Amino acid sequence: MPESDFDKLKVAALAGGVGGARLADGLARLLLPENLTVIVNTGDDFIHLGLNISPDLDTVCYTLSGLANPATGWGRSGETFSALESIGELGGPTWFRLGDRDLGLHLERTRRLRQGQTLSQVTRDFCRQWGVRPAVVPMSDDSVPTWVYTDEGELPFQEYFVHRMCRPRVSGFRFAEVEHAAPAPGVLSALQSAHLVVICPSNPWVSVDPILAVPGIRSSLQIASHSGKSPVIAVSPIIAGQTVKGPAAKMFAELGIEPSALAVARHYGSLLSGFVLDQTDASQADAIESLGMRTLVTDTLMRTPDDRRRLAGEVLAFGAQAF
Ligand code: FO1
């Protein structure tokens with residue numbers, strides 16, 4: 001499919017952390033902005049230092065606006081940490097590395113939420129200020145915090161993931177109150193009108209499952225996929241048994257799941273029309289196809305902005321074959 005044909009494609013992408021944000025950025029480089037909606041996990045959100053923090057939403061917005069720290073993938077480039085140092089001097093918590101500029105965002109978001117604006121309204125406005133043109137939408141405006149079942153009891157997600165560096169042994173996850181959550185405005189309409197749905201290379205268990213658990217989202221994907229109207233394509237976040245970022249491989253092992261592209265494909269199962277896996281995992285392609293989905297084997301590692309664009313182009317061309 002020539003790149004010019006991408007102008008006709010309407011895409012909804014589901015994204016969590018850094019890998020998801022990078023593929024979303026590749027998609028944004030190829031699609032018309034009005035044809036891309038990025039639906040983002042907010043299960044990682046938490047209140048810290050009295051502020052509303054939305055790590056995955058911020059990672060996506062910073063990445064799409066070119067403000068992201070290229071080394072970590074989260075937070076902003078060229079950050080300073082004077083406020084955090086000052087908090088530390090006073091004996092406050094410094095385990096969650098909030099930079100000065102990033103803190104400005106959290107202060108302003110918290111102020112607006114307290115005034116009664118919704119998370120999707122605040123996000124839309126921040127994106128406009130940053131010049132981010134595709135729609136970036138939280139999965140829900142309701143709070144759906146992820147809790148982690150561990151051998152040390154139930155822990156809030158960031159406590160487990162960042163503070164405890166995934167050291168406690170994990171046995172499962174809970175998305176609190178998700179049954180009462182509503183998809184944020186624009187989520188279901190984006191899924192219903194998309195020609196193609198892309199599940200970005202984000203952790204299936206903690207970044208994508210919270211999105212799918214919001215009532216109405218999984219069923220919209222199921223209808224899209226099964227009716228053949230809009231294929232659902234997932235990109236594996238696992239390359240050669242490892243995650244590119246984050247300690248998810250340890251998490252998988254503790255959950256009794258072999259960290260592999262095949263395990264990810266099995267996890268999404270019949271939701272998918274197609275699956276994109278890394279060339280180092282090519283030997284798993286036949287087993288994945290036997291699950292009833294087509295496969296694309298390619299280089300899925302996104303080191304540079306050019307890689308994001310190339311991978312996004314391959315995903316779009318692969319998805320569009322069935323469209
Ligand atoms: N991840 C870390 O591993 N350590 C941090 O100190 C940290 C700070 C941080 C600050 C703002 C932000 O938006 C994200 C931040 N992250 C940090 C990343 C983040 O918490 C996780 O990677 C995601 O929640 C998982 O997708």
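Numbering of ligands and ligand atoms starts at 1, following listing order. None of these values were measured; they are calculated from a predicted model.
For Asp102 and Tyr62, the side-chain atoms include at least one donor-acceptor pair closer than 3.5 Å. Judged by distance alone, the side chains of Gln117 and Arg109 never bring a donor and an acceptor atom under 3.5 Å apart. A donor-acceptor contact closer than 3.5 angstrom links the side chains of Asp45 and Ser54. In the model, His267 has a side-chain atom that pairs as donor or acceptor with a side-chain atom of Asp209 under 3.5 Å. In this model, no donor atom of one side chain and acceptor atom of the other lie less than 3.5 Å apart for Ser77 and Asn69.
In terms of heavy-atom proximity, Gly313 sits nearest to Phe6 at O-CZ, 3.6 Å.
Taking atom 19 (C) of ligand 1 as the reference point, the nearest protein heavy-atom neighbour is Pro55 CB, 4.0 Å. In terms of protein heavy-atom proximity, atom 10 (C) of ligand 1 is closest to Phe96 CE2, 3.2 Å. Here the protein heavy atom with the shortest distance to atom 3 (O) of ligand 1 is Val162 CG2, 3.9 Å.
Ring geometry, His48 versus Phe96: the interplanar angle exceeds 60°, so the pair is classed perpendicular (tilted spans 30 to 60°).
Only the side chain of Asp102 comes within contact range of ligand 1, with a heavy atom under 4.0 Å; no backbone atom does.
Residue contacts with ligand 1: Asp44 is placed with a nitrogen or oxygen under 3.5 Å of a nitrogen or oxygen of the ligand (distance criterion only). Between Ser207 and ligand 1, no pair of N/O atoms sits closer than 3.5 Å. Inclusion of Thr59 in the set of residues having an N or O under 3.5 Å from an N or O of ligand 1 is not warranted.
Here is the list of ligand 1 atoms found below 4.0 Å of a heavy atom in Gly17: 26 (O). Residue Asp56 has at least one heavy-atom neighbour below 4.0 Å for each of these atoms of ligand 1: 23 (C), 24 (O), 25 (C), 26 (O). For ligand 1, the atoms closer than 4.0 angstrom to any heavy atom of Arg97 are 5 (C), 6 (O), 8 (C), 10 (C). Listed by number with element, the atoms of ligand 1 under 4.0 Å from a non-hydrogen atom of Gln158 are 20 (O), 24 (O).
Taking the charged nitrogens against the carboxylate oxygens, Arg112 and Asp125 do have a contact shorter than 4.0 Å, which makes a salt bridge. Ion pair Arg310/Asp306 not flagged as a salt bridge, since none of the NZ, NE, NH1 or NH2 atoms sits closer than 4.0 Å to an Asp/Glu carboxylate oxygen.
Taking each of Trp74, Trp95, Phe161, Phe46 in turn, the one with a heavy atom nearest to atom 17 (C) of ligand 1 proves to be Trp74.
Within the 4.0 Å heavy-atom shell around ligand 1 one does not find Tyr62.
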